[in-house]
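As structure tokens, the structure follows; a few thoughts come after it.
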Amino acid sequence: MKEYFDVCIEEAKKSLETGDVPIGAILVKDGKIIAFAHNTREKEHNVLGHAEINVIMSASKFLNRWNLADCELYVTLEPCNMCKEVIKQARIKNVYYLLTKLSFKKEFDRTIFAKIDNDVELMYAKILSDFFKKFR
């Protein structure tokens, strides 16, 4: 699972180049990554440019079908309500994420770092924290 989140974090970093919130996502089928994406809302001026939606569209195109029930989604941050609905419509049953939005928003300061004991989560929390300090 760590290797999947490493890819998600690399995708999330791509969002930083365009001022987008650093969120990355991948879809895995039969243990292989079939699609990866990051936030592109600012870059494309499109409200739907969330990493989760981008990766679902990419995987659907790759597999030539909308039903992704045999895929798993990995994403750096807990999906928003809009993305949760798209995930549900795509029939994706398993979704894994590093950080919850609620915990990160409530504890934006350094206290969140004290609660993280996983290096991958800590790395992503730092990227997200730096982004919000700089851009928001």
Side-chain angles (χ1 to χ4, degrees):
M1 196 178 287
K2 180 191 178 305
E3 64 273 5
Y4 295 149
F5 282 120
D6 287 341
V7 176
C8 288
I9 289 173
E10 289 307 310
E11 277 300 307
K13 289 177 183 177
K14 293 177 184 178
S15 300
L16 295 172
E17 297 170 12
T18 56
D20 278 289
V21 178
I23 298 175
I26 63 168
L27 266 167
V28 175
K29 181 181 182 306
D30 300 327
K32 295 182 180 164
I33 298 171
I34 60 163
F36 46 88
H38 56 278
N39 274 3
T40 58
R41 205 161 70 158
E42 296 295 328
K43 178 183 178 183
E44 296 177 0
H45 310 289
N46 184 342
V47 71
L48 301 174
H50 291 214
E52 300 92 331
I53 293 173
N54 290 339
V55 80
I56 287 169
M57 291 183 354
S58 179
S60 293
K61 187 174 183 178
F62 176 75
L63 295 173
N64 199 30
R65 58 187 164 92
W66 63 269
N67 188 322
L68 303 175
D70 56 347
C71 298
E72 295 182 321
L73 175 66
Y74 292 80
V75 62
T76 51
L77 189 63
E78 178 185 12
C80 69
N81 289 335
M82 176 180 69
C83 290
K84 285 178 183 177
E85 186 58 34
V86 173
I87 292 164
K88 181 179 166 185
Q89 292 297 318
R91 308 293 194 261
I92 299 168
K93 292 176 181 60
N94 296 318
V95 179
Y96 306 96
Y97 50 87
L98 288 173
L99 297 178
T100 65
K101 285 183 178 185
L102 186 58
S103 68
F104 196 81
K105 284 182 181 178
K106 279 178 138 177
E107 304 171 30
F108 183 69
D109 59 23
R110 296 190 182 274
T111 59
I112 191 170
F113 297 111
K115 293 182 177 183
I116 298 174
D117 61 356
N118 180 311
D119 289 341
V120 177
E121 290 177 15
L122 185 61
M123 181 189 323
Y124 179 64
K126 174 91 173 90
I127 291 168
L128 198 58
S129 176
D130 289 349
F131 170 82
F132 283 112
K133 286 177 185 174
K134 182 176 180 180
F135 291 104
R136 307 289 163 127

* Just say parallel, tilted or perpendicular for the rings of Y74 and Y4, cut-offs at 30° and 60°. =>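 Taking Y4 first and then Y74, their aromatic rings sit tilted (interplane angle of 30° to 60°).
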
Taking 4.0 angstrom as the limit, do [X] and [Y] come out as a salt bridge?
X: E17; Y: K14; value: no
X: E52; Y: K84; value: no
X: K29; Y: D70; value: yes

List the atom of [X], the atom of [Y], and the distance in Å for their closest heavy-atom pair.
X: I23; Y: V75; result: CG2-CG2, 3.8 Å
X: I9; Y: Y124; result: CD1-CB, 4.0 Å
X: I26; Y: L73; result: O-CD1, 3.4 Å

* Identify the residue among D20, N54, N46 that makes a side-chain hydrogen bond (donor to acceptor under 3.5 Å, both in side chains) with T40. =>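 The residue from D20, N54, N46 that satisfies side-chain hydrogen bond (donor to acceptor under 3.5 Å, both in side chains) with T40 turns out to be N54.
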
* Asked: Is it true that a side-chain atom of T76 and a backbone atom of G24 form a donor plus acceptor pair closer than 3.5 Å?
  ->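 Judged by distance alone, yes, a pair lies under 3.5 Å.
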
* To do: Look at atom OH of Y96 and say whether more than 12 heavy atoms of other residues, nucleotides or ligands are closer to it than 6.0 Å.
  =>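 Correct, the count exceeds 12.
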
* **K61 NZ: over 12 foreign heavy atoms closer than 6.0 Å** =>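 No, not enclosed.
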
* Evaluate the side-chain proximity of N39 to P22: yes if any heavy-atom separation is below 4.5 Å, no if none is. =>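 No, their side chains stay 4.5 Å or more apart.
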
* Asked: Which residue pairs pass the ring-ring contact (aromatic ring centres under 6.0 Å, His included) test with at least one member in residues 30-60, sequence neighbours excluded?
  ->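 Matches after skipping sequence neighbours: none remain.
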
Does [X] belong to the same Ile/Leu/Val/Met/Phe/Trp/Tyr cluster as [Y], with side-chain heavy atoms less than 4.5 Å apart forming each link?
X: M57; Y: L48; value: yes
X: L68; Y: M82; value: yes
X: F62; Y: L27; value: yes

